[in-house]
Each structure stands twice: as structure tokens, then as C-alpha cells.
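A quick write-up on the structure given underneath.
Proteins get letters first, then strands, A, B, ... in listed order; numbering begins at 1 in each.
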There are 2 protein chains.
Amino acid sequence: MKKRPTIYDVAERAGVSKSLVSLVLRDSPRVSDAKREAVLEAVTALNYTPSRLAAGLAGTRTRSVGVIIDDFSNLWFVEALAGLRTALAEGGYALSVADASLNAHLGIDPIEAFRALRVDGIVLAGEASAPAVARSGVPAVVLGVRDLGAELAELPVIASDEAAGGRLATMHLAVQGHRDIACVSAPGASAARRERGYCDAIAELGLTPTVVRAPDTGEAAAREVAAELLARAESAQAPRPTAVFAVNDPMAVGVIGAARELGIAVPGDLSVVGYDDSPIAAYGLVSLTSVSGDPRELGEAAGQVLIAKLEGGATQIASRSFTPRLVARGSVAAY
Amino acid sequence: MKKRPTIYDVAERAGVSKSLVSLVLRDSPRVSDAKREAVLEAVTALNYTPSRLAAGLAGTRTRSVGVIIDDFSNLWFVEALAGLRTALAEGGYALSVADASLNAHLGIDPIEAFRALRVDGIVLAGEASAPAVARSGVPAVVLGVRDLGAELAELPVIASDEAAGGRLATMHLAVQGHRDIACVSAPGASAARRERGYCDAIAELGLTPTVVRAPDTGEAAAREVAAELLARAESAQAPRPTAVFAVNDPMAVGVIGAARELGIAVPGDLSVVGYDDSPIAAYGLVSLTSVSGDPRELGEAAGQVLIAKLEGGATQIASRSFTPRLVARGSVAAY
DNA sequence: TTGTAGGCGTTATCAG
DNA sequence: CTGATAACGCCTACAA
């Protein structure tokens, strides 16, 4: 097994100095075409791949950024990641991702891992600890979560306005004539913001809020609490809702499932709105009206803000908020 | 902004030499407890994080492996990744992931990127080009796909026996008394293997195969072809199937959706089996019987095989095949 | 058990 | 424009 070719090998084969090779590789303008071609030829001939390790060590930066993701199984992150990649690719940055929940389970600190990698910047996607990242001293942006920690840490926050999304969903139902609109919520900062949007809208409309909180954000938990909510007799104090806003799509599917088991037709007898516009919402069997935060757009914005921070130097905080939109499908009917 | 502390700083503060620090960090046994503690104390006091860049450059390996994933949005990979992480964490390996489809779109070659990172090994998850990886000379294993390319390249393959899975699903339906069992398939190697399992089982049972292929692996495409399949009048030549095996869960949901639109009850008039046991299969609204390949177990196995290959030296090919199992839910009824 | 010296493959800084 | 030369931070013999 022969050793990898180095920049020396390339230089020798091309008949130039090592520095010239380095310049060509980072396409500096001040290189004669002849020499440049000679170098390029040598590179391909030797199947040479420059070492990022050495480059990072010697240079002032690694041109890499780390992304800390809460939970990979959330499709939201996948889209956001795609947006990030495209934005960062333009700046020539490579990105490496870490799964916060899993790494925690394994006893690994992703921030520490990224410091060891000497990443130029960090993107915090999800409800991870912004203060810890800020303390690490690595330039960072927070993607998708507007919480106190991030703002205290003075990190830019690129987020969807989830309260506005909750409001949007609720208003959509109200416009369809619904007045008994319930909210199936869950633990977590994200759910809390969506729920607050619901409450604000309800208050604004002069209606009575009904919030039930499932023990977790999954479909099964939502199905159970929804079953209870829908099964209760139509008493004067708490009439059965004619519409439900669930704080995420799986939970909305849980609500629909519960309704179906009780013989309540959707959208005939019950309208349902979800959140995130995940793939399941588009399934024919579900056809769920949902609020979309366009995670891809968020990801791109986060990448741009981070690049600006890294290259522009002392850029301002530059947080950005995006307003979600409603994707209407077949789970809502007029009352 | 002060510079990062280096191993020199730690050594100085602890009153020892740089090499001793290096030994402590890699917990070599031959270090006196007193010195060890002094070093550890200095490390935390200085908030020192060793540079993987420098370590990789100087050492004989980087203790990192790259994972090339076909398409992040496939939940299957998420589980497999978790398994990989746990297995590789035991060996002290860090892993970095690349998204094949997205990187291709951006014009980046993940193999090249990993070579630049000097990863010790590569895990190929999905239908990427095994030969190219083999050519790169980096030790690698293929996770989840048994195709010709990998075997020709003499890479270990850790895969679920998908043909067995297709067979399993079909037999399950046959045991329930179904005789007109159709298969809703799609393009791709994976679907092809599952479909072949179906065909084998059908042949073995002496039944007539009915395969319809959707243009892609999505729910919508499956819904359309299923609608056509189910709508056709009960002619002598092609009776309407009483059961359908779909090569993945979203497609199965598409089949159920099509049935519902046609007023065909599931599982009353039509039984459906999916594949992958994705989260949606467990949703109450869907309650889909599905074949499970246990991707997490696969991931762990792949990690172990790769570690063996990296540390054991000249280990054999050591491919491993896992037999999937059936997860029975509510979408199948006796005929 | 501890310390010393050399080198890993680049980039960056200066002279030519 | 081009070509030496010194870092970069660590590992790995080897010597003490």
C-alpha cells in the first residue's frame, strides 16, 4: 500500500514549487495559465486529494461548520439541513452534523467534538443549549428556535414565527365558521409557542380556549387525549369542539384517528389542522390541512447569516423571523 | 481573542513534558497517578481541547469514519445511523455523514470529501456506487444493500434479506386465505428484491402473480396505480385482488387511500401489507401490518464489521444477512 | 517512567 | 509572479 501523494509530489511532477501548487488549488488569480494547467494535470494524474487536516492546521480556518441537530428522526431537520448545505456550499464550507440526543446518550458533547475539529462556525438546530455554544466562543447561529437562552447569548436566531403559525391555523378555522376550536398540544418550547398563537387568536376572537396537553409529541399520545376530548358528552360547560388545531402533523393524525374510532367524520363533523406540512399531511388517506414553516428556506437563511458572520466580521446579531403559511387540504370544512 | 491553548500550555501548567500530556490524553497505562492528575487538572483549568486536525496529521489514523447516505429523508437511515453511532462510539470513532443525493446535486463527491478528511473507513448506506468507494482504497462496508457492485468490489455487505421480507409478507397473506394477492412495486434495487420475494412466494404457492409498478416510490404514485388496479371490473382474467403487498409503507398508505376512495374497506374487503415498519405504520389511522428489517441492528452490525476490518487487519469479507420479521397490525384480515 | 527530536501536509510570509 | 522557509499542534519513536 503506497502512501498518499502530497503537494510535494504534485509540485515535482508539474515542475513547479509547492507554494505554486497551493495557489492553484485555491484558484488564486495570479498564476500563469501554463503552470496552472501543468499543476492540474499532475493533480489528476496522481489522484491527489489535498488533506483538509493539514490545511486546517496550517491555515487560519478550516472552512467547515458543525450542525447540532436535536433529533434526526424529525423530518423538519432534514429539509433545514438541505437548505443549510446549499447555502454553505456556496461559501465553500463543508458541514458535519451531530445528533444531540443520541450523542448525549453516548456521553459525547457535540460542542466539544466540534471544537476539536476546529470548525469555523456552529449551527444550532433545535432546542439545544445555546448558552453553552456561546460560551465555547465559536461563532454560531440558532436555527428554528426562538428561546430565551439564545437571545441572552446574543446569538442570531433564524426562526419561523410559530406563534403566528398557531394563530394562522386558528384563524383559518374561525373563518370557516367554527367557534368551538380546541388545541391539542404537547410539552416543549415549540409546541408552547404554537399553542400560544392559538390562545392569542382565540382571545382575539372572543372565544373560549380549550387546550389539552398530551404527555409527549407523538401520534399515540395525541390520539388518547383526543379520544377523551371528543368523547365527552355535549354539556353546556364544555361542548364538543367542531375543530381541532394540533401542534404537529403526527398529533393531527392521532386526532383524526380518534375521531374515526368514535364515528366522527373528518372533515364532516370535525375539522383538523396540523403543523409542519410533513409528507404524511399530503397522503391521500390523511389529506391534512397544515401550517408550513418552510424549513428549507430557514436553513438557507441560517447558512447565509453564518457566512456573513464568519466573513463579514463584526456583523450585527441579524436575527430573522419567517412567517409560516397555510397549506389547505381536505381536513377542514365550513361549519 | 486569545489563541487556543495547545498541548504545550497544558504541559507547562502541569509541570510536565508535552509527550506526557499526549500519553495521558490517550490514557496510556504507564503514567504515574500524580502526574496524570496534574495533567487532567491543567486540561480543565485551561479548557483545553486537543485538535483532531493535528492529531490526525501526526498520527497514523484519524479515528473517524465517513457515512454516505442515499437520502436523508428516508427514516430507515436515521435508525441505521443510530446503530452505527453506538457501535463506532465503542471504538472511539467519530463519524461524519454525507448525503449522496444532495451532494450530487451540489456537485460534490462525498468519497473525495472523505478522502480529504482522511477518514479511516467508509460506510456506504444505500445504493451508492460501491465500486467507486472500493477504488478509493479506503476500507469500507456496505450497509443495507446487496447489489452486484458491492460484491464485485469485495466489500462486506451488511444487509437485510429483502427478498425474504417480500416472501414473508406474501406468505402471511396466503396463510390468511388470500389467493388473489397483488404487489405494488416501484423502481429501485430495494423494491426489486422485495418484489422478487413476492414472486417467489406466489410461484411456490401455485398462484398467479400480479405486479403493478408505480413510477416512483412515493405515496401518490402508489395511490394512482392502486386505484387503477382496484377499479378494474372483476373479469375472469384478472379478478380484483383481495390483498396487496406494497414494497414500502408510504406506498401501502397510498393503496389504502385508493381503496378508501373506491369504498373498499380495509381490511374488510382488502388486506394490505407494507414494508419497513415506519412510524406511520403504527399510527392508529393507518394501523398497517408491515415487514421490519430492524435498521438499527443492521447499523450496529455494520459498525462492528468495519471496526474489525480497521483494527483486525486482514479480516475476511464477513458479509452478514439479517432476516426481517413481520409486525402484525390491523390492515390484514382473513379471507 | 519521563523527556527530546523529527516529521505529518499545508498555509502564510517574505524575499527574489 | 515564483520559490524558499517558518509555523500549525500533535504523535511517535528513541533516548535518558
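A:Thr6 comes within contact range of the sugar-phosphate backbone alone, with a heavy-atom separation under 4.0 Å but no base atom that close.
Across D:dA4, C:dG7, C:dT10, the shortest atom-to-atom separation from the side chain of A:Ala58 is found for C:dT10. Side-chain atoms of A:Thr60 lie closest to C:dA12 of the nucleotides D:dC10, C:dG3, C:dA12. Considering only the side chain of A:Lys35, D:dT2 comes nearest among D:dT2, C:dT2, C:dA12.
In this model, the phosphate group of D:dC11 is approached by a side-chain N or O of B:Ser22 to a distance below 4.0 Å at OP1 or OP2. Side-chain N/O atoms of A:Arg26 include one lying less than 4.0 angstrom from OP1 or OP2 on C:dA12.
Atom pair A:Arg4:CZ and C:dG9:P shows a separation of 10 Å (rounding to whole Å applied). Counting to the nearest Å, the C1' atom of D:dG3 and the NZ atom of A:Lys18 are 8 Å from each other. If you measure from atom OH of A:Tyr8 to atom P of C:dT11, you get 12 Å, rounded to the nearest angstrom. Distance B:Arg61 CZ to D:dC10 C1': 15 Å, rounded to the nearest Å. B:Arg118 has its CZ atom 8 Å from the P atom of C:dG9, to the nearest Å. In this structure, B:Arg115 atom CZ and C:dT10 atom P are separated by 11 Å, rounded to whole Å. Atom-to-atom, CG of A:Leu23 to P of D:dC1 comes out at 11 Å; the value is rounded to the nearest Å. Regarding A:Arg63, its CZ atom lies at a distance of 15 Å from the C1' atom of C:dT10, rounded to whole Å.
A:Arg13 meets the salt bridge (charged side-chain N to carboxylate O under 4.0 Å, His left out) test with A:Glu41; sequence neighbours excluded.
At least one donor-acceptor pair closer than 3.5 Å links the side chain of A:Asp120 to the backbone N or O of A:Thr62.
Put simply, the residue from B:Val141, B:Val138, B:Leu306 that forms a side-chain contact (heavy atoms from CB on, under 4.5 Å) with B:Val65 is B:Leu306.
For CD of A:Glu37, the number of neighbouring non-hydrogen atoms (other residues, nucleotides, ligands) closer than 6.0 Å is 12 at most. Counted within 6.0 Å of CZ on A:Arg320, heavy atoms from surrounding residues, nucleotides or ligands total 12 or fewer; the atom is thus considered open.
Two residues are said to be in side-chain contact when any heavy atoms from C-beta on lie closer than 4.5 Å; A:Leu25 and A:Val43 meet this criterion. By the 4.5 Å heavy-atom criterion applied to side chains, A:Gln304 and A:Glu90 are not counted as neighbours.
Contacts between residues 40-57 of chain A and DNA chain D, defined by a heavy-atom separation below 4.0 Å, involve A:Leu57, listed by number.
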